[in-house]
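Following: one structure in C-alpha coordinates, then a few remarks.
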Protein chains: 2
Amino acid sequence: MAVEGKNPDVPDSCFADRIGRFLDLTQPERVALAALEDRPRTVRRGTPLVRANDRGTELFMLRRGMLMNFVLLDDGSRQILGFHFPGDMLGWPTLAFRSAPEALVAVTEAEVCSFDRAALIELASERPRLFAAITAFNQMERQALVDRLAGMGRTSARGRVAALLIEIRNRMRRVDATITNRFILGLTQEEIGDATGLTAVHVNRMLRQLEEDGLIAREGGRVTLIDEDRLAHVANYIDRNDAVDLTWLARLR
Amino acid sequence: MAVEGKNPDVPDSCFADRIGRFLDLTQPERVALAALEDRPRTVRRGTPLVRANDRGTELFMLRRGMLMNFVLLDDGSRQILGFHFPGDMLGWPTLAFRSAPEALVAVTEAEVCSFDRAALIELASERPRLFAAITAFNQMERQALVDRLAGMGRTSARGRVAALLIEIRNRMRRVDATITNRFILGLTQEEIGDATGLTAVHVNRMLRQLEEDGLIAREGGRVTLIDEDRLAHVANYIDRNDAVDLTWLARLR
DNA sequence: CGTTATGTTGAGTTTATTCAATAACCGTGG
DNA sequence: CCACGGTTATTGAATAAACTCAACATAACG
(Lines give C-alpha, C1' and ligand atoms only; values in the text may rest on other atoms or scores of the structure.)
Protein backbone atom coordinates (compact mmCIF):
# COMPACT_ATOMS: atom_id res chain seq x y z
CA MET A 1 0.00 0.00 0.00
CA ALA A 2 1.47 3.30 -1.01
CA VAL A 3 1.48 5.96 1.68
CA GLU A 4 -0.82 8.23 -0.27
CA GLY A 5 -3.36 5.42 -0.49
CA LYS A 6 -3.66 4.92 3.24
CA ASN A 7 -7.08 4.72 4.76
CA PRO A 8 -7.29 7.17 7.66
CA ASP A 9 -9.74 4.90 9.45
CA VAL A 10 -7.12 2.19 9.76
CA PRO A 11 -4.52 2.72 12.45
CA ASP A 12 -0.99 3.43 11.44
CA SER A 13 1.67 0.70 11.29
CA CYS A 14 5.17 0.83 9.85
CA PHE A 15 5.21 -2.90 9.59
CA ALA A 16 1.92 -2.96 7.70
CA ASP A 17 3.35 -0.46 5.22
CA ARG A 18 6.31 -2.70 4.71
CA ILE A 19 4.39 -5.95 4.35
CA GLY A 20 1.78 -4.15 2.30
CA ARG A 21 4.24 -3.79 -0.55
CA PHE A 22 4.05 -7.51 -1.07
CA LEU A 23 0.59 -8.47 0.08
CA ASP A 24 -2.73 -6.65 0.42
CA LEU A 25 -3.72 -6.67 4.04
CA THR A 26 -7.28 -6.74 5.29
CA GLN A 27 -8.51 -4.09 7.66
CA PRO A 28 -8.62 -6.49 10.65
CA GLU A 29 -5.04 -7.49 9.87
CA ARG A 30 -4.00 -3.87 9.85
CA VAL A 31 -5.74 -3.29 13.13
CA ALA A 32 -3.98 -6.28 14.66
CA LEU A 33 -0.60 -4.95 13.51
CA ALA A 34 -1.33 -1.46 14.76
CA ALA A 35 -2.00 -2.93 18.19
CA LEU A 36 1.66 -3.96 18.27
CA GLU A 37 2.70 -0.40 17.59
CA ASP A 38 1.07 1.60 20.32
CA ARG A 39 3.03 3.38 23.07
CA PRO A 40 5.96 4.47 20.90
CA ARG A 41 9.12 5.43 22.71
CA THR A 42 11.99 7.60 21.55
CA VAL A 43 15.54 6.49 22.32
CA ARG A 44 18.88 8.23 21.83
CA ARG A 45 21.86 6.89 19.92
CA GLY A 46 23.56 4.20 21.93
CA THR A 47 20.51 3.25 23.97
CA PRO A 48 20.34 -0.50 24.51
CA LEU A 49 16.89 -1.98 23.99
CA VAL A 50 18.12 -5.46 24.79
CA ARG A 51 21.39 -6.38 26.48
CA ALA A 52 22.98 -9.79 26.00
CA ASN A 53 21.58 -12.21 28.61
CA ASP A 54 18.57 -10.02 29.38
CA ARG A 55 15.55 -11.99 30.56
CA GLY A 56 12.97 -9.80 28.85
CA THR A 57 10.17 -11.26 26.76
CA GLU A 58 9.61 -8.26 24.53
CA LEU A 59 9.77 -7.80 20.81
CA PHE A 60 10.11 -4.45 19.08
CA MET A 61 8.73 -2.63 16.13
CA LEU A 62 11.06 -0.01 14.75
CA ARG A 63 9.23 3.09 13.52
CA ARG A 64 12.02 5.59 12.97
CA GLY A 65 15.82 5.58 13.00
CA MET A 66 18.34 2.76 12.80
CA LEU A 67 19.09 -0.08 15.20
CA MET A 68 21.74 -2.74 15.20
CA ASN A 69 22.02 -6.12 16.82
CA PHE A 70 25.27 -7.80 17.78
CA VAL A 71 26.86 -10.54 19.80
CA LEU A 72 29.87 -10.14 22.05
CA LEU A 73 32.53 -12.83 22.19
CA ASP A 74 34.49 -13.91 25.22
CA ASP A 75 37.55 -12.00 24.09
CA GLY A 76 35.51 -8.80 24.07
CA SER A 77 35.19 -8.51 20.32
CA ARG A 78 31.85 -7.64 18.83
CA GLN A 79 30.13 -9.01 15.75
CA ILE A 80 27.42 -6.76 14.43
CA LEU A 81 24.75 -8.93 12.83
CA GLY A 82 22.88 -6.30 10.94
CA PHE A 83 21.32 -2.88 10.83
CA HIS A 84 17.62 -2.34 11.07
CA PHE A 85 15.23 0.20 9.65
CA PRO A 86 11.63 1.32 10.08
CA GLY A 87 9.18 -1.51 9.61
CA ASP A 88 11.54 -4.13 11.05
CA MET A 89 10.28 -6.43 13.79
CA LEU A 90 13.05 -7.33 16.21
CA GLY A 91 13.73 -9.40 19.28
CA TRP A 92 12.68 -12.76 17.82
CA PRO A 93 15.17 -14.81 19.79
CA THR A 94 12.98 -14.33 22.85
CA LEU A 95 10.60 -16.88 21.36
CA ALA A 96 13.15 -19.62 21.86
CA PHE A 97 15.69 -18.51 24.44
CA ARG A 98 15.44 -17.87 28.13
CA SER A 99 17.87 -14.99 27.92
CA ALA A 100 18.85 -12.80 25.02
CA PRO A 101 21.67 -14.19 22.88
CA GLU A 102 22.07 -10.85 21.10
CA ALA A 103 22.08 -7.22 22.09
CA LEU A 104 19.90 -4.64 20.36
CA VAL A 105 21.02 -1.02 20.36
CA ALA A 106 19.98 2.24 18.71
CA VAL A 107 22.54 3.45 16.18
CA THR A 108 20.73 6.74 15.63
CA GLU A 109 17.95 8.37 17.57
CA ALA A 110 15.04 6.04 17.04
CA GLU A 111 11.40 5.46 17.78
CA VAL A 112 10.37 1.98 18.83
CA CYS A 113 7.31 0.21 20.15
CA SER A 114 7.56 -2.89 22.25
CA PHE A 115 5.10 -5.69 22.84
CA ASP A 116 5.22 -8.97 24.64
CA ARG A 117 5.78 -12.26 22.83
CA ALA A 118 2.41 -13.35 24.22
CA ALA A 119 0.76 -10.70 22.03
CA LEU A 120 2.53 -12.15 19.03
CA ILE A 121 1.34 -15.65 19.79
CA GLU A 122 -2.17 -14.37 20.24
CA LEU A 123 -1.91 -12.86 16.80
CA ALA A 124 -0.80 -16.24 15.47
CA SER A 125 -4.08 -17.75 16.63
CA GLU A 126 -6.34 -14.97 15.53
CA ARG A 127 -4.71 -13.90 12.28
CA PRO A 128 -2.98 -16.99 10.94
CA ARG A 129 -2.56 -15.56 7.46
CA LEU A 130 -0.90 -12.49 8.88
CA PHE A 131 1.33 -14.61 11.04
CA ALA A 132 2.28 -16.63 7.99
CA ALA A 133 3.24 -13.40 6.25
CA ILE A 134 5.32 -12.41 9.25
CA THR A 135 7.02 -15.79 9.10
CA ALA A 136 7.79 -15.14 5.45
CA PHE A 137 9.25 -11.78 6.45
CA ASN A 138 11.43 -13.56 8.93
CA GLN A 139 12.87 -15.53 6.06
CA MET A 140 13.93 -12.30 4.41
CA GLU A 141 15.81 -11.27 7.50
CA ARG A 142 17.31 -14.74 7.68
CA GLN A 143 18.41 -14.42 4.08
CA ALA A 144 20.15 -11.16 4.88
CA LEU A 145 22.09 -13.04 7.54
CA VAL A 146 22.89 -15.77 5.04
CA ASP A 147 24.18 -13.31 2.48
CA ARG A 148 26.27 -11.60 5.12
CA LEU A 149 27.66 -14.97 6.14
CA ALA A 150 28.52 -15.80 2.56
CA GLY A 151 30.19 -12.43 2.12
CA MET A 152 32.17 -12.93 5.29
CA GLY A 153 33.39 -16.34 4.26
CA ARG A 154 33.99 -15.86 0.60
CA THR A 155 34.48 -12.19 -0.22
CA SER A 156 37.39 -9.76 0.07
CA ALA A 157 37.49 -7.01 2.66
CA ARG A 158 36.88 -4.49 -0.07
CA GLY A 159 33.84 -6.40 -1.26
CA ARG A 160 32.38 -6.68 2.21
CA VAL A 161 32.66 -2.95 2.82
CA ALA A 162 31.12 -2.27 -0.57
CA ALA A 163 28.27 -4.68 0.18
CA LEU A 164 27.55 -2.92 3.45
CA LEU A 165 27.33 0.45 1.74
CA ILE A 166 24.96 -0.82 -0.91
CA GLU A 167 22.82 -2.69 1.58
CA ILE A 168 22.39 0.28 3.88
CA ARG A 169 21.65 2.63 1.03
CA ASN A 170 19.01 0.23 -0.28
CA ARG A 171 17.40 -0.15 3.10
CA MET A 172 17.35 3.62 3.60
CA ARG A 173 15.87 4.14 0.18
CA ARG A 174 13.05 1.75 0.94
CA VAL A 175 12.05 4.07 3.78
CA ASP A 176 12.79 7.34 2.04
CA ALA A 177 12.34 7.09 -1.71
CA THR A 178 14.02 10.46 -2.27
CA ILE A 179 17.41 8.92 -1.50
CA THR A 180 19.31 8.18 -4.67
CA ASN A 181 23.02 7.46 -4.56
CA ARG A 182 24.00 9.80 -1.74
CA PHE A 183 23.24 9.14 1.90
CA ILE A 184 24.50 9.62 5.41
CA LEU A 185 25.95 6.36 6.58
CA GLY A 186 25.83 7.21 10.27
CA LEU A 187 28.32 4.54 11.27
CA THR A 188 31.84 4.81 12.62
CA GLN A 189 34.53 2.88 10.84
CA GLU A 190 34.78 0.71 13.91
CA GLU A 191 31.11 -0.19 13.55
CA ILE A 192 31.63 -0.96 9.88
CA GLY A 193 34.52 -3.16 10.93
CA ASP A 194 32.48 -5.00 13.52
CA ALA A 195 29.80 -5.61 10.92
CA THR A 196 32.19 -6.82 8.22
CA GLY A 197 34.66 -8.72 10.36
CA LEU A 198 37.49 -6.25 9.83
CA THR A 199 39.52 -3.89 11.95
CA ALA A 200 38.64 -0.21 11.88
CA VAL A 201 42.05 0.51 10.36
CA HIS A 202 41.47 -1.83 7.48
CA VAL A 203 37.97 -0.47 6.91
CA ASN A 204 39.54 2.93 6.53
CA ARG A 205 41.94 1.64 3.89
CA MET A 206 39.17 -0.14 2.03
CA LEU A 207 36.96 2.97 1.99
CA ARG A 208 39.88 4.97 0.73
CA GLN A 209 40.58 2.39 -1.93
CA LEU A 210 36.95 2.36 -3.08
CA GLU A 211 37.21 6.12 -3.27
CA GLU A 212 40.48 6.08 -5.22
CA ASP A 213 39.02 3.56 -7.62
CA GLY A 214 36.17 5.95 -8.27
CA LEU A 215 33.49 3.65 -6.90
CA ILE A 216 32.40 5.92 -4.09
CA ALA A 217 32.96 9.46 -2.84
CA ARG A 218 32.90 10.73 0.72
CA GLU A 219 32.39 14.18 2.16
CA GLY A 220 31.87 14.41 5.88
CA GLY A 221 29.61 11.61 6.94
CA ARG A 222 28.03 11.54 3.50
CA VAL A 223 28.72 8.69 1.09
CA THR A 224 28.02 8.75 -2.63
CA LEU A 225 27.84 5.56 -4.64
CA ILE A 226 29.41 6.68 -7.89
CA ASP A 227 29.63 3.50 -9.90
CA GLU A 228 26.90 1.27 -8.55
CA ASP A 229 27.35 -1.48 -11.12
CA ARG A 230 31.01 -1.91 -10.42
CA LEU A 231 30.38 -1.56 -6.70
CA ALA A 232 27.72 -4.27 -6.77
CA HIS A 233 30.16 -6.43 -8.70
CA VAL A 234 33.07 -6.17 -6.29
CA ALA A 235 30.57 -6.70 -3.47
CA ASN A 236 29.06 -9.80 -5.03
CA TYR A 237 25.83 -8.07 -4.14
CA ILE A 238 22.44 -9.61 -4.81
CA ASP A 239 19.27 -7.65 -4.12
CA ARG A 240 16.99 -10.34 -2.73
CA ASN A 241 14.10 -7.92 -2.60
CA ASP A 242 13.42 -8.51 -6.27
CA ALA A 243 13.00 -12.21 -5.65
CA VAL A 244 10.44 -11.81 -2.88
CA ASP A 245 7.05 -13.29 -3.64
CA LEU A 246 4.24 -13.31 -1.12
CA THR A 247 1.47 -13.44 -3.67
CA TRP A 248 0.78 -17.09 -2.93
CA LEU A 249 -0.43 -16.00 0.50
CA ALA A 250 -3.05 -13.76 -1.09
CA ARG A 251 -5.19 -16.76 -1.98
CA LEU A 252 -5.68 -17.54 1.67
CA ARG A 253 -8.50 -16.09 3.68
CA MET B 1 9.27 -37.04 24.93
CA ALA B 2 11.86 -39.72 25.28
CA VAL B 3 11.77 -42.36 22.60
CA GLU B 4 10.81 -45.08 25.06
CA GLY B 5 7.79 -43.06 26.12
CA LYS B 6 6.26 -42.88 22.66
CA ASN B 7 2.65 -43.78 22.22
CA PRO B 8 2.33 -46.34 19.44
CA ASP B 9 -1.10 -44.95 18.56
CA VAL B 10 0.42 -41.64 17.57
CA PRO B 11 2.14 -41.53 14.22
CA ASP B 12 5.86 -41.21 14.10
CA SER B 13 7.57 -37.85 13.57
CA CYS B 14 11.24 -36.96 13.89
CA PHE B 15 10.32 -33.35 14.29
CA ALA B 16 7.87 -34.13 17.07
CA ASP B 17 10.60 -36.02 18.91
CA ARG B 18 12.84 -33.05 18.63
CA ILE B 19 10.30 -30.43 19.66
CA GLY B 20 9.01 -32.78 22.32
CA ARG B 21 12.21 -32.33 24.29
CA PHE B 22 11.17 -28.78 24.99
CA LEU B 23 7.39 -28.87 24.98
CA ASP B 24 4.77 -31.54 25.56
CA LEU B 25 2.77 -31.94 22.41
CA THR B 26 -0.88 -32.92 22.30
CA GLN B 27 -1.97 -35.88 20.27
CA PRO B 28 -3.62 -33.74 17.56
CA GLU B 29 -0.39 -31.78 17.28
CA ARG B 30 1.58 -34.95 16.82
CA VAL B 31 -0.84 -36.13 14.20
CA ALA B 32 -0.51 -32.85 12.35
CA LEU B 33 3.27 -33.15 12.38
CA ALA B 34 3.19 -36.75 11.26
CA ALA B 35 1.16 -35.66 8.25
CA LEU B 36 4.18 -33.68 7.13
CA GLU B 37 6.33 -36.79 7.31
CA ASP B 38 4.59 -39.27 5.10
CA ARG B 39 6.02 -40.54 1.79
CA PRO B 40 9.64 -40.69 2.96
CA ARG B 41 12.27 -40.82 0.27
CA THR B 42 15.84 -42.07 0.43
CA VAL B 43 18.54 -40.07 -1.31
CA ARG B 44 22.23 -40.79 -1.93
CA ARG B 45 25.16 -38.61 -0.94
CA GLY B 46 25.37 -35.64 -3.24
CA THR B 47 21.71 -35.66 -4.23
CA PRO B 48 20.36 -32.12 -4.53
CA LEU B 49 16.95 -31.64 -2.94
CA VAL B 50 16.89 -27.99 -3.92
CA ARG B 51 19.10 -26.28 -6.47
CA ALA B 52 19.77 -22.55 -6.36
CA ASN B 53 17.04 -20.73 -8.33
CA ASP B 54 14.66 -23.67 -8.25
CA ARG B 55 11.02 -22.67 -8.40
CA GLY B 56 9.80 -25.41 -6.08
CA THR B 57 7.44 -24.69 -3.19
CA GLU B 58 8.43 -27.63 -1.02
CA LEU B 59 9.80 -27.87 2.47
CA PHE B 60 11.56 -30.92 3.85
CA MET B 61 11.66 -32.91 7.01
CA LEU B 62 14.92 -34.74 7.52
CA ARG B 63 14.48 -38.15 9.10
CA ARG B 64 17.88 -39.76 8.69
CA GLY B 65 21.34 -38.71 7.52
CA MET B 66 22.92 -35.31 7.08
CA LEU B 67 22.11 -32.49 4.70
CA MET B 68 23.81 -29.20 4.03
CA ASN B 69 22.63 -25.94 2.54
CA PHE B 70 24.85 -23.48 0.73
CA VAL B 71 24.96 -20.50 -1.57
CA LEU B 72 27.15 -20.16 -4.64
CA LEU B 73 28.80 -16.84 -5.43
CA ASP B 74 29.39 -15.40 -8.85
CA ASP B 75 33.04 -16.35 -8.78
CA GLY B 76 32.06 -19.98 -8.30
CA SER B 77 32.97 -20.17 -4.64
CA ARG B 78 30.60 -21.88 -2.26
CA GLN B 79 29.58 -20.91 1.24
CA ILE B 80 28.11 -23.75 3.22
CA LEU B 81 25.55 -22.32 5.63
CA GLY B 82 25.14 -25.28 7.89
CA PHE B 83 24.69 -28.99 8.32
CA HIS B 84 21.37 -30.53 9.17
CA PHE B 85 20.32 -33.56 11.12
CA PRO B 86 17.20 -35.66 11.74
CA GLY B 87 14.33 -33.59 13.04
CA ASP B 88 15.33 -30.49 11.09
CA MET B 89 12.74 -28.74 8.94
CA LEU B 90 14.29 -27.23 5.85
CA GLY B 91 13.43 -25.18 2.82
CA TRP B 92 11.99 -22.18 4.65
CA PRO B 93 13.12 -19.62 2.11
CA THR B 94 10.33 -20.81 -0.18
CA LEU B 95 7.91 -18.95 2.07
CA ALA B 96 9.32 -15.64 0.95
CA PHE B 97 11.18 -16.12 -2.32
CA ARG B 98 10.02 -16.95 -5.79
CA SER B 99 13.11 -19.05 -6.44
CA ALA B 100 15.46 -20.76 -4.07
CA PRO B 101 18.29 -18.56 -2.82
CA GLU B 102 20.10 -21.58 -1.37
CA ALA B 103 20.83 -25.10 -2.45
CA LEU B 104 20.06 -28.10 -0.27
CA VAL B 105 22.08 -31.27 -0.76
CA ALA B 106 22.51 -34.62 0.98
CA VAL B 107 25.95 -34.97 2.58
CA THR B 108 25.35 -38.60 3.49
CA GLU B 109 22.68 -41.01 2.41
CA ALA B 110 19.54 -39.53 3.89
CA GLU B 111 15.83 -40.03 4.29
CA VAL B 112 13.62 -37.01 3.76
CA CYS B 113 9.94 -36.20 3.49
CA SER B 114 8.70 -33.25 1.52
CA PHE B 115 5.49 -31.27 1.83
CA ASP B 116 4.18 -28.17 0.20
CA ARG B 117 4.32 -24.78 1.89
CA ALA B 118 0.53 -24.72 1.63
CA ALA B 119 0.39 -27.61 4.09
CA LEU B 120 2.51 -25.62 6.48
CA ILE B 121 0.23 -22.62 6.27
CA GLU B 122 -2.76 -24.83 6.82
CA LEU B 123 -1.07 -26.06 9.97
CA ALA B 124 -0.59 -22.45 11.03
CA SER B 125 -4.35 -21.94 10.99
CA GLU B 126 -5.33 -25.20 12.58
CA ARG B 127 -2.59 -25.65 15.15
CA PRO B 128 -1.45 -22.14 16.04
CA ARG B 129 0.36 -23.24 19.17
CA LEU B 130 2.32 -25.80 17.20
CA PHE B 131 3.13 -23.25 14.56
CA ALA B 132 4.34 -20.91 17.28
CA ALA B 133 6.62 -23.68 18.52
CA ILE B 134 7.90 -24.19 14.99
CA THR B 135 8.57 -20.47 14.78
CA ALA B 136 10.54 -20.72 18.00
CA PHE B 137 12.50 -23.59 16.47
CA ASN B 138 13.27 -21.38 13.53
CA GLN B 139 14.88 -18.97 15.93
CA MET B 140 17.24 -21.69 17.02
CA GLU B 141 18.33 -22.31 13.49
CA ARG B 142 18.69 -18.58 13.02
CA GLN B 143 20.87 -18.43 16.12
CA ALA B 144 23.10 -21.13 14.69
CA LEU B 145 23.56 -18.90 11.65
CA VAL B 146 24.29 -15.95 13.91
CA ASP B 147 26.91 -17.84 15.84
CA ARG B 148 28.51 -19.03 12.64
CA LEU B 149 28.54 -15.45 11.38
CA ALA B 150 30.17 -14.25 14.58
CA GLY B 151 32.74 -17.00 14.37
CA MET B 152 33.48 -16.13 10.77
CA GLY B 153 33.96 -12.49 11.52
CA ARG B 154 35.73 -12.60 14.82
CA THR B 155 37.42 -15.97 15.30
CA SER B 156 40.68 -17.50 14.05
CA ALA B 157 40.76 -20.22 11.43
CA ARG B 158 41.72 -22.69 14.13
CA GLY B 159 38.76 -21.64 16.25
CA ARG B 160 36.31 -21.93 13.37
CA VAL B 161 37.41 -25.45 12.55
CA ALA B 162 37.21 -26.39 16.22
CA ALA B 163 33.72 -24.89 16.47
CA LEU B 164 32.57 -26.92 13.48
CA LEU B 165 33.81 -30.13 15.04
CA ILE B 166 32.08 -29.45 18.32
CA GLU B 167 28.86 -28.36 16.68
CA ILE B 168 28.61 -31.42 14.48
CA ARG B 169 29.43 -33.76 17.34
CA ASN B 170 26.75 -32.12 19.46
CA ARG B 171 24.16 -32.35 16.73
CA MET B 172 25.00 -36.00 16.11
CA ARG B 173 24.81 -36.75 19.80
CA ARG B 174 21.35 -35.28 20.01
CA VAL B 175 20.23 -37.89 17.51
CA ASP B 176 22.33 -40.76 18.82
CA ALA B 177 22.95 -40.47 22.54
CA THR B 178 25.60 -43.20 22.44
CA ILE B 179 28.04 -40.84 20.73
CA THR B 180 30.52 -39.45 23.23
CA ASN B 181 33.68 -37.76 22.04
CA ARG B 182 34.39 -39.87 18.97
CA PHE B 183 32.44 -39.61 15.75
CA ILE B 184 32.66 -39.89 12.01
CA LEU B 185 32.74 -36.41 10.59
CA GLY B 186 31.79 -37.42 7.06
CA LEU B 187 33.02 -34.21 5.48
CA THR B 188 35.88 -33.57 3.11
CA GLN B 189 38.35 -30.88 4.08
CA GLU B 190 37.04 -28.87 1.19
CA GLU B 191 33.56 -29.01 2.67
CA ILE B 192 34.92 -27.97 6.04
CA GLY B 193 36.63 -25.11 4.27
CA ASP B 194 33.49 -24.01 2.49
CA ALA B 195 31.66 -24.06 5.80
CA THR B 196 34.31 -22.12 7.71
CA GLY B 197 35.39 -19.71 5.01
CA LEU B 198 38.83 -21.27 4.56
CA THR B 199 40.69 -23.08 1.83
CA ALA B 200 40.95 -26.85 2.01
CA VAL B 201 44.70 -26.53 2.40
CA HIS B 202 44.38 -24.32 5.42
CA VAL B 203 41.73 -26.56 6.95
CA ASN B 204 44.24 -29.37 6.71
CA ARG B 205 46.83 -27.36 8.57
CA MET B 206 44.38 -26.33 11.24
CA LEU B 207 43.24 -29.91 11.81
CA ARG B 208 46.85 -30.96 12.05
CA GLN B 209 47.55 -28.18 14.49
CA LEU B 210 44.58 -29.10 16.68
CA GLU B 211 45.91 -32.64 16.62
CA GLU B 212 49.47 -31.61 17.51
CA ASP B 213 48.15 -29.47 20.33
CA GLY B 214 46.40 -32.52 21.72
CA LEU B 215 42.90 -31.13 21.31
CA ILE B 216 41.71 -33.75 18.86
CA ALA B 217 42.82 -37.04 17.35
CA ARG B 218 42.07 -38.42 13.93
CA GLU B 219 42.13 -41.93 12.57
CA GLY B 220 40.62 -42.46 9.16
CA GLY B 221 37.44 -40.46 8.95
CA ARG B 222 36.99 -40.66 12.70
CA VAL B 223 37.56 -37.63 14.90
CA THR B 224 38.05 -37.71 18.66
CA LEU B 225 37.59 -34.61 20.76
CA ILE B 226 40.32 -35.11 23.34
CA ASP B 227 40.23 -31.91 25.33
CA GLU B 228 36.72 -30.59 24.94
CA ASP B 229 37.13 -27.71 27.37
CA ARG B 230 40.15 -26.32 25.64
CA LEU B 231 38.58 -27.00 22.27
CA ALA B 232 35.43 -25.12 23.24
CA HIS B 233 37.61 -22.29 24.44
CA VAL B 234 39.62 -21.85 21.25
CA ALA B 235 36.35 -22.15 19.33
CA ASN B 236 34.58 -19.52 21.42
CA TYR B 237 31.85 -22.10 21.45
CA ILE B 238 28.53 -21.53 23.17
CA ASP B 239 25.96 -24.30 23.37
CA ARG B 240 22.71 -22.42 22.86
CA ASN B 241 20.71 -25.52 23.48
CA ASP B 242 21.03 -25.01 27.22
CA ALA B 243 19.43 -21.60 26.89
CA VAL B 244 16.36 -22.79 25.02
CA ASP B 245 13.09 -22.29 26.81
CA LEU B 246 9.77 -23.15 25.25
CA THR B 247 7.95 -23.69 28.51
CA TRP B 248 6.09 -20.40 28.14
CA LEU B 249 4.25 -21.94 25.18
CA ALA B 250 2.96 -24.73 27.39
CA ARG B 251 0.44 -22.40 28.98
CA LEU B 252 -1.32 -21.98 25.66
CA ARG B 253 -4.08 -24.28 24.53
C1' DC C 1 44.28 -52.01 -11.26
C1' DG C 2 44.09 -47.75 -13.06
C1' DT C 3 41.54 -43.41 -12.14
C1' DT C 4 39.89 -39.91 -9.56
C1' DA C 5 39.07 -37.59 -5.37
C1' DT C 6 41.04 -36.39 -1.15
C1' DG C 7 44.70 -35.40 1.95
C1' DT C 8 49.49 -33.63 3.04
C1' DT C 9 53.38 -30.67 2.82
C1' DG C 10 56.59 -26.82 1.43
C1' DA C 11 57.69 -22.25 -0.50
C1' DG C 12 56.39 -17.86 -1.73
C1' DT C 13 52.76 -14.28 -1.92
C1' DT C 14 48.80 -11.72 -0.64
C1' DT C 15 45.76 -9.99 2.70
C1' DA C 16 44.68 -8.20 6.86
C1' DT C 17 46.30 -7.15 11.52
C1' DT C 18 48.85 -4.82 15.15
C1' DC C 19 51.12 -1.08 16.93
C1' DA C 20 52.01 3.57 16.88
C1' DA C 21 51.69 8.28 15.78
C1' DT C 22 49.13 12.16 14.04
C1' DA C 23 45.13 14.70 12.31
C1' DA C 24 40.33 15.90 12.10
C1' DC C 25 35.98 16.13 14.27
C1' DC C 26 32.48 16.72 17.93
C1' DG C 27 30.18 17.98 21.92
C1' DT C 28 30.53 20.41 26.19
C1' DG C 29 31.44 23.86 29.40
C1' DG C 30 33.45 28.35 30.08
C1' DC D 1 32.52 32.25 20.55
C1' DC D 2 36.40 29.44 21.81
C1' DA D 3 39.16 26.04 24.35
C1' DC D 4 39.43 21.46 25.61
C1' DG D 5 39.03 16.40 26.00
C1' DG D 6 37.47 12.45 23.96
C1' DT D 7 36.23 10.01 19.97
C1' DT D 8 36.97 9.06 15.24
C1' DA D 9 39.76 9.04 11.05
C1' DT D 10 44.18 8.59 8.67
C1' DT D 11 48.65 6.90 7.61
C1' DG D 12 53.07 4.16 7.92
C1' DA D 13 55.87 0.19 9.23
C1' DA D 14 56.26 -4.35 10.92
C1' DT D 15 53.99 -8.69 11.81
C1' DA D 16 50.86 -12.42 11.47
C1' DA D 17 47.34 -15.01 9.15
C1' DA D 18 45.67 -17.17 5.38
C1' DC D 19 46.04 -18.06 0.45
C1' DT D 20 48.06 -19.78 -3.95
C1' DC D 21 50.64 -22.81 -6.42
C1' DA D 22 52.75 -26.98 -6.91
C1' DA D 23 54.13 -31.49 -5.91
C1' DC D 24 53.31 -35.73 -4.03
C1' DA D 25 50.87 -39.34 -1.05
C1' DT D 26 46.98 -41.86 0.13
C1' DA D 27 42.38 -43.52 -0.05
C1' DA D 28 38.20 -44.57 -2.49
C1' DC D 29 36.02 -46.68 -6.22
C1' DG D 30 34.41 -48.70 -10.37
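Note on naming: letters A, B, ... go to the chains in the order of the sequence lines (proteins, then strands), and numbering restarts at 1 for each one. The figures here come from the full heavy-atom set of this structure, side chains too, leaving out hydrogens, waters and symmetry mates.
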First of A/Arg154 and A/Ala200 reached from the 5' end of DNA chain D, by closest nucleotide:
A/Ala200
Would you indicate what A/Gly193 reaches in the nucleic acid, counting non-hydrogen atoms under 4.0 angstrom: base, sugar-phosphate, or nothing?
nothing
Is it the case that over 12 heavy atoms from other parts of the model lie below 6.0 angstrom from the CZ atom of A/Arg218?
yes
Taking the minimum atom-to-atom distance to the side chain of [X], which one of [options] wins?
X: B/Arg45; options: D/dA18, C/dT17, C/dT6; value: C/dT6
X: B/Val201; options: D/dT10, D/dA18, D/dT20; value: D/dT20
X: A/Leu198; options: C/dA20, C/dA16, D/dA18; value: C/dA16

Would one find a side-chain N or O of [X] under 4.0 angstrom from OP1 or OP2 of [N]?
X: B/Gln189; N: C/dT8; answer: yes
X: B/Asn204; N: C/dG7; answer: no
X: B/Thr199; N: D/dA18; answer: no
X: B/Arg218; N: C/dT8; answer: yes
X: B/Arg205; N: C/dT8; answer: no

Can you measure [X] atom [atom1] to [N] atom [atom2] for me and round it to whole angstrom units?
X: B/Leu185; N: D/dA27; atom1: CG; atom2: P; result: 17 Å
X: B/His202; N: D/dC21; atom1: NE2; atom2: C1'; result: 16 Å
X: A/Leu207; N: D/dA9; atom1: CG; atom2: C1'; result: 10 Å
X: A/Glu212; N: D/dT11; atom1: CD; atom2: C1'; result: 12 Å
X: B/Glu190; N: C/dA5; atom1: CD; atom2: C1'; result: 10 Å
X: A/Leu187; N: D/dA9; atom1: CG; atom2: C1'; result: 14 Å
X: A/Asp194; N: D/dT8; atom1: CG; atom2: P; result: 11 Å
X: A/Glu219; N: C/dC25; atom1: CD; atom2: C1'; result: 16 Å

For the pair B/Arg142 (side chain) and A/Arg142 (backbone), establish whether a donor and an acceptor sit closer than 3.5 Å, ignoring hydrogens and angles.
no
Check: B/Glu141 side chain, B/Asn138 main-chain N or O, donor-acceptor pair, under 3.5 Å
no
Side-chain contact, heavy-atom cut-off 4.5 Å: [X] with [Y]?
X: B/Arg63; Y: B/Cys113; result: yes
X: B/Gln209; Y: B/Met206; result: yes
X: B/Phe137; Y: B/Asp88; result: no

Rounded to the nearest 0.5 Å, what separates atom CD1 in B/Ile216 from atom CD in B/Glu211?
6.0 Å
A/Arg78 to A/Phe70, cation-pi by 6.0 Å centre distance and 45° axis angle
yes
If the helix axis at each end comes from five base pairs, how far does the helix from C/dC1-D/dG30 to C/dG30-D/dC1 deviate from straight, to 10°?
50°
